[in-house]
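Below, all heavy atoms of this structure are taken into account, side chains as well, without hydrogens, waters or symmetry copies.
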Amino acid sequence: MVEEMTDKELITVTIDRYTDLQQIKKANGGHENEMLDYLIKVTTAKLSSLGVNVEDITLK
């Protein structure tokens, strides 16, 4: 049996993924990683489509 996620659960899981990717990018020490950048872009797009503004949760 497959259980569906609520919108809130989906947003929470996607935010967790985004923050994990941001931490990996920061730990990368400025080394270019095209796949990591792509995954961040895709996750940003998903969050945007869910109505989440990532500016407030992006590491600087």
Side-chain angles (χ1 to χ4, degrees):
M1 186 160 120
V2 177
E3 291 185 37
E4 290 188 30
M5 267 189 206
T6 65
D7 287 346
K8 190 172 185 176
E9 290 171 323
L10 179 59
I11 289 169
T12 300
V13 167
T14 309
I15 287 172
D16 289 345
R17 178 173 173 83
Y18 181 76
T19 56
D20 289 346
L21 292 170
Q22 286 290 300
Q23 290 173 12
I24 292 167
K25 183 174 179 114
K26 185 166 184 144
N28 231 6
H31 292 88
E32 187 171 328
N33 184 327
E34 290 181 23
M35 182 54 74
L36 179 58
D37 291 339
Y38 173 75
L39 290 172
I40 290 171
K41 279 185 181 182
V42 169
T43 306
T44 301
K46 287 179 182 180
L47 286 170
S48 179
S49 74
L50 293 167
V52 177
N53 182 352
V54 296
E55 289 180 20
D56 295 335
I57 58 173
T58 301
L59 285 174
K60 304 208 184 277

Just to verify, what does Asp37 make a side chain to side chain donor-acceptor pair (under 3.5 Å) with, not counting sequence neighbours? Lys25
Roughly how far, to the nearest 0.5 Å, is CG of Leu36 from CD of Gln22? 8.5 Å
With sequence neighbours excluded, give me every salt bridge (Lys or Arg N to Asp or Glu O under 4.0 Å) pair touching residues 42-59. none
Chi angles and distances behind the side-chain contact (heavy atoms from CB on, under 4.5 Å) call for Leu50, Asp7: CA-CA 8 Å; Leu50 293 167; Asp7 287 346; 5.6 Å; no
Can you check whether Thr44's main-chain N or O pairs, donor with acceptor, with Ser48's side chain at less than 3.5 Å? no
Provide the full list of side chain to side chain donor-acceptor pair (under 3.5 Å) pairs with a residue in residues 26-35, sequence neighbours left out, each pair given once. none
Which residue pairs satisfy the side chain to side chain donor-acceptor pair (under 3.5 Å) criterion with at least one member in residues 9-19, sequence neighbours excluded? Thr6-Glu9, Tyr18-Thr58
Interatomic distance, CD1@Ile11 vs CG@Leu47, rounded to 0.5 Å, equals 8.0 Å
